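Have a look at the structure below before the remarks.
Chain A is the first sequence line, chain B the second, and so forth, proteins listed ahead of strands; every chain is numbered from 1. Everything numeric in this text was worked out from a predicted model, so none of it was measured.
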Amino acid sequence: MSVRVRFAPSPTGQLHIGNVRTALYSWLWARQTGGAFVLRIEDTDEKRSTPEAVATVYESLRWLGLDWDEGPEAGGEHGPYLQSERKALYREHAEKLIAEGAAFRCYATREEIQALRADYEVRHGKGFRFRSPWRERTDGDPNAPHTVRFRAPSEGDTGWEDLVYGAVSYPNAEQQDFPLLRPNGLPLYNFGCFVDDLTMGITLVSRGDDHLVNTPQQLLLYRAWRAIAAGTEPPRFAHLPIVLGPDGKRFSKRHGAAAVLEYREKGYLPEAVLNYLARLGWSHGDEEIFTRDELVAKFAWENVGRSPSKYDLKKFEHVQATHLREKKSDAELAVLVAPHLAARGVEVAAEDPRLVAAIAPVKLRATTLPELAEGLDYFFRPDADLTYEAKGRRKFLTEESAPRLAHLAGLVEAAEPFDEPTLESAITAWMEREELAMKHVAQPARVALTGRTRSPGLYETLVLLGQARSVARLRRGATLASEAAEVSG
RNA sequence: GGCCCCAUCGUCUAGUGGUUAGGACAUCGGCCUCUCACGCCGGUAACAGGGGUUCGAAUCCCCUUGGGGUCACCA
C-alpha cells in the first residue's frame with residue numbers, strides 16, 4: 001500500500017516552528033516514498049479557529065516549499081479537507097457506531113459532568129474519568145440535544161508499535177466514556193481525527209508526542225470500526241518529542257521567533273529553516289548541512305530521537321549562514337536579496353552582473369538576507385548618497401591620510417587594465433617607496449570607498465566599485481580628510 | 001497526584017556489550033590578515049546516581065533522581 005501521510009494543523013494562530021517539524025518529517029517521508037502528503041485543517045474549535053490563521057498555514061507551508069498533494073486549494077478525491085465542511089461524515093460514522101453498540105447517546109449536561117468532576121476532585125484530586133449513566137440506556141430521544149460518546153472499556157490495555165517510541169501501551173482503566181460528537185454536531189479531536197484518517201486512507205500518522213495519550217482512543221475507534229468494515233486496520237503512528245525553548249520549557253511565543261513567517265521576515269532561507277528543524281531530533285551520522293533534496297533522500301524514522309530537544313538560536317544561525325554561503329548560487333542570492341536592497345532605497349536589478357559579482361565576498365560576512373543587503377549597499381548607492389560611519393571617519397579620514405588618499409586616487413585612475421593584480425602591484429610599489437604600511441593605506445581607503453570600517457579587501461572593493469567611482473570616492477575622501485585637518489588644526 | 005514518555009559535553013547529536021566515547025554549535029587559545037568575516041590548527045567540556053546481568057557495560061534489567069507530556073464536551 002502506498003504511503004499516505006497528513007499534516008493536520010488547527011488554525012488558531014501562526015504556524016509554529018514545532019508544528020513545522022512534524023509537517024516536515026511527514027512531507028519528507030511522503031516525498032521519499034513517492035507517497036501522498038495530505039493537508040487537512042482541523043478547524044472544529046469554532047471559538048479559536050480563524051480564516052486568517054488558515055491562510056497563514058498555506059503561506060507558511062508554501063514559503064517552506066512543503067507542497068501538499070491533496071488538501072485545500074489542491075483538491076483531491078477525499079475532500080473536503082476542512083473539518084468544518086465534513087460534518088455529515090462525522091454524523092454518519094457516529095450513527096454507525098451507535099447502531100453497532102460501540103457508542104451511545106448521552107444526555108448528561110455539561111453542568112452535571114462538571115459537578116461530578118468537581119466532587120471527585122475534592123475527594124481524590126486530579127484524575128476524574130466520566131462513566132456516563134447513559135452508556136447502557138437506549139431510551140433517549142435522538143432528536144433531543146445530546147453528545148455521542150464512546151462506550152469505553154475498562155479492562156486490559158491498548159497499545160501500538162510507535163515508529164519513534166517503539167512499544168507504547170496505556171491501561172484501558174484510564175479511559176472514560178470520551179465524547180465523539182458535540183450536541184452541535186462538530187466532532188471532538190479524537191473522533192474527527194479517526195474519521196478523517198480512516199476516510200482519507202492515511203497510512204501513517206505523525207504528530208507531536210503530546211498526542212501520545214490520544215492514540216489509544218483512536219485505536220479503540222478503529223477496533224470498533226471492524227464490526228462495521230471487516231479488515232479495518234489502523235494507521236501506523238510516529239510521535240515526535242516536542243521542541244523545548246532554551247530554558248527547557250515547551251517552546252512558545254514567549255521564547256521569541258516561534259512563528260515560521262518570522263523567519264521569512266528576518267531574511268532566513270527556507271532551506272535553512274528546514275535543515276535546522278530536521279536536525280533537531282533527527283540525525284544522519286555526523287552530517288549537519290542538508291539541502292532539501294538531501295533531507296528527502298536521507299530521512300529515516302529510525303534515526304528520530306525520543307528525547308525532547310532544545311531550540312538553539314546560535315546553531316540555527318550557523319546553519320542559516322552556511323546555507324547562504326555554500327548552498328545558493330550568487331545568481332540565486334541576487335534574486336533573493338534584491339527586495340532587501342530595494343527596502344533600503346537601493347535600486348539594482350537582480351540580473352545586474354555587478355550585483356552578482358559583489359555577492360561572493362559579501363556573503364562571507366552575512367548571516368541573513370538583510371545583512372547581505374547591508375553589506376552590498378554601498379556598491380550600488382550613488383556616490384553622493386554615501387554616508388560615513390562617524391567613528392571610521394574620525395579615525396581614518398585624518399590630516400595624515402588626506403595626501404595618501406589623493407595619491408591613491410591617482411594610482412587607481414592610472415591602473416590599466418583595471419584589475420586586482422595591476423592595482424596591487426601599483427599600490428604596493430608606491431607603499432614600499434613611501435615606506436607605508438598596508439593598514440595606513442587600506443583603512444582610510446576603506447572608509448573613503450565604503451563609508452565603513454568593515455568590508456571586503458581593498459583590491460576586491462576597488463574592482464567591484466569600478467574605476468570611475470573608486471577614483472571619485474577616494475578624491476571625496478581626501479577632501480573630507482583635509483577638511484577634518486582644518487577643523488582640528 | 002494517576003497514567004505515559006525520556007535521560008551521552010552548556011546545546012544538537014554519533015554510539016546498539018570490548019572506542020583514547022566521535023562530530024557540530026557555542027566557548028577559549030593560535031594561524032591567516034588591509035578591517036570584518038570566511039577558512040585552518042588546537043584546547044576545555046558528557047555517559048545523572050545506585051544496584052544487578054556479564055569475562056567485559058554509555059549500550060541489557062531494576063530502583064532512585066531529574067525532565068517532559070497528559071488528565072478540557074481544546075486540538
### Query
In whole angstrom, what separates L376(A)'s CG from A37(B)'s P?
18 Å

### L364(A), nearest nucleotide to its side chain (from C3(B), U35(B), A37(B))
A37(B)

### Message
I'd like the P distance from U19(B) over to C4(B), given in whole Å.
### Response
36 Å

### Query
What residues, two or more places apart in sequence or in another chain, satisfy ring pair (Phe, Tyr, Trp, His ring centres under 6.0 Å) together with Y459(A)?
none

### L212(A) side chain, from C-beta outward: closest of C34(B), C5(B), G22(B)
C5(B)

### Query
Quick one: salt bridge (charged side-chain N to carboxylate O under 4.0 Å, His left out) partners of R86(A), sequence neighbours excluded?
D196(A)

## Note on the structure
Rounded to whole Å, the CE-P distance (M438(A) to C36(B)) equals 14 Å

### Task
Tell me which nucleotide among C5(B), G1(B), C74(B) gets nearest to the side chain of V168(A).
C5(B)

### Query
Counting any heavy atom closer than 4.0 Å, what does R279(A) reach on the DNA or RNA strands: base, sugar-phosphate only, or nothing?
base

### Query
Say you pick atom P in A21(B) and the same atom in A57(B); how far apart are they, in whole Å?
15 Å

### Close side-chain approach of D45(A) to L186(A), heavy-atom, < 4.5 Å
no

## Note on the structure
Rounded to whole Å, NE2 of H284(A) lies from C1' of C12(B) at a distance of 17 Å

### Task
Let me know the distance between CZ of F128(A) and P of C3(B), rounded to the nearest Å.
19 Å

### Message
By nearest atom, which of the nucleotides C34(B), C73(B), C6(B) is closest to the S307(A) side chain?
### Response
C6(B)

#### Entry: H124(A): partners by ring pair (Phe, Tyr, Trp, His ring centres under 6.0 Å), with sequence neighbours left out
Y120(A)

### Query
Which nucleotide in the list C73(B), C6(B), C4(B) gets nearest to the side chain of R306(A)?
C6(B)

### Query
If you look at every strand shown and take non-hydrogen atoms under 4.0 Å, does L188(A) touch a base, only sugar-phosphate, or nothing?
sugar-phosphate

### Query
Can you tell me if the side-chain N/O atoms of R250(A) get under 4.0 Å from OP1 or OP2 in G67(B)?
no

### Message
It should be established whether R452(A) places a side-chain nitrogen or oxygen under 4.0 Å from OP1 or OP2 of nucleotide A37(B).
### Response
no

### Task
Run the salt-bridge test on E434(A) and R404(A) with the 4.0 Å N-O cut-off and return the result as yes or no.
no

### Task
Sticking with atom P, work out how far C62(B) lies from A7(B), rounded to a whole angstrom.
13 Å

### Message
Can you tell me if R182(A) touches the phosphate of C74(B), counting only side-chain N or O atoms and a distance under 4.0 Å to OP1 or OP2?
### Response
yes

#### Entry: Between H211(A) and N214(A): side-chain donor-acceptor atoms closer than 3.5 Å
yes

### Pairing partner of G1(B) (Watson-Crick or G-U wobble, both distances under 3.5 Å)
C71(B)

### Task
Scan P246(A) against the nucleic acid and name what it touches under 4.0 Å (heavy atoms): base, sugar-phosphate only, or nothing.
nothing

### Message
Reading RNA chain B from 5' onward, which residue's closest nucleotide shows up sooner: R325(A) or P179(A)?
### Response
R325(A)

### Task
Ignoring hydrogens and angles, answer whether the base of G69(B) and the side-chain atoms of D209(A) contain a donor-acceptor pair closer than 3.5 Å.
no

### Query
Between R365(A) and G39(B), is there a side-chain N or O to OP1/OP2 distance below 4.0 Å?
no

### Message
Classify L181(A) by what it touches in the nucleic acid, base, sugar-phosphate, or nothing, heavy-atom distance under 4.0 Å.
### Response
nothing

### Task
Under a 3.5 Å limit for both distances, which nucleotide forms a Watson-Crick or G-U wobble pair with A24(B), could you say?
U11(B)

### Query
Counting side-chain heavy atoms from CB outward, which of G39(B), G2(B), U70(B) is closest to E174(A)?
G2(B)

#### Entry: Salt-bridge present (R105(A), E95(A); N to O < 4.0 Å)
yes

### Task
Please tell me which of the listed nucleotides, C73(B), U35(B), C6(B), lies nearest to the side chain of P308(A)?
C6(B)

### Query
How close or far is atom P of A7(B) from atom CD1 of I242(A), stated in whole angstroms?
15 Å

### Task
Using the test salt bridge (charged side-chain N to carboxylate O under 4.0 Å, His left out), find all partners of E287(A) that sit at least two apart in sequence or belong to another chain.
K298(A)

### Message
Looking at R344(A) and H340(A), would you say the former's side chain and the latter's main chain have a donor-acceptor pair under 3.5 Å?
### Response
no

### Message
C36(B), OP1 or OP2 - any side-chain N/O from S455(A) closer than 4.0 Å?
### Response
no

### Query
Applying side-chain hydrogen bond (donor to acceptor under 3.5 Å, both in side chains), which residue pairs with at least one partner in residues 153-165 of chain A are found, sequence neighbours left out?
T158(A)-N172(A), W160(A)-D162(A), D162(A)-H239(A), Y165(A)-D209(A)

### Task
Just call it for E288(A): base, sugar-phosphate, or nothing, with non-hydrogen atoms closer than 4.0 Å on any strand.
base

### Query
Is T12(A) touching bases, backbone alone, or none of the nucleic acid, heavy atoms closer than 4.0 Å?
nothing

### Message
Work out how far the P atom of G51(B) is from that of C6(B), and round it to whole angstrom.
### Response
24 Å

### Summary
Here the distance between atom P of U70(B) and atom OH of Y189(A), to the nearest Å, is 12 Å

#### Entry: RNA chain B contacts among residues 309-320 of chain A, heavy-atom distance under 4.0 Å
S309(A), K310(A), D312(A), K314(A), K315(A), H318(A)

### Task
Using a 4.0 Å heavy-atom cut-off across all strands, classify A360(A) as base, sugar-phosphate, or nothing.
nothing

### Query
Tell me: CD of E121(A) to P of G2(B), nearest whole Å?
15 Å

### Task
Choose from U70(B), C73(B), U13(B) the nucleotide whose nearest atom is closest to any side-chain atom of S283(A).
U13(B)

### Message
Measuring from the side chain of R149(A) (C-beta onward, heavy atoms only), which nucleotide among U70(B), C73(B), A37(B) has the closest atom?
### Response
C73(B)

### Task
Consider the side chain of K249(A), meaning its heavy atoms from C-beta on, and name the nucleotide among C12(B), G68(B), G23(B) that approaches it most closely.
G68(B)

### Message
Regarding R207(A), tell me which of base, sugar-phosphate or nothing describes its non-hydrogen contacts under 4.0 Å with the strands shown.
### Response
nothing

### Task
Have a look at R129(A) and say if it touches a base, only the backbone sugar-phosphate, or nothing, with a 4.0 Å heavy-atom cut-off.
nothing

### Task
Examine the side chains of Q83(A) and D43(A) and answer whether a donor and an acceptor come within less than 3.5 Å of each other.
no

## Note on the structure
Re U54(B): Watson-Crick or G-U wobble partner, both distances kept under 3.5 Å, found to be none

### Query
In whole angstrom, what separates R48(A)'s CZ from A72(B)'s C1'?
10 Å

### Pairwise 5' ranking along RNA chain B for Q443(A) and H211(A), keeping only the more 5' one
Q443(A)

### Task
Select base, sugar-phosphate, or nothing to describe what P183(A) touches, counting heavy atoms under 4.0 Å on all strands.
base

### Message
Tell me which nucleotide, if any, is Watson-Crick or G-U wobble paired with G29(B) when both distances must be under 3.5 Å.
### Response
C41(B)

### Task
Have a look at G457(A) and say if it touches a base, only the backbone sugar-phosphate, or nothing, with a 4.0 Å heavy-atom cut-off.
base

### Message
Once you apply a heavy-atom cut-off of 4.0 Å, does G281(A) come out as touching a base, just sugar-phosphate, or nothing?
### Response
sugar-phosphate

### Query
How about H16(A) and F251(A): are their ring centroids closer than 6.0 Å?
yes

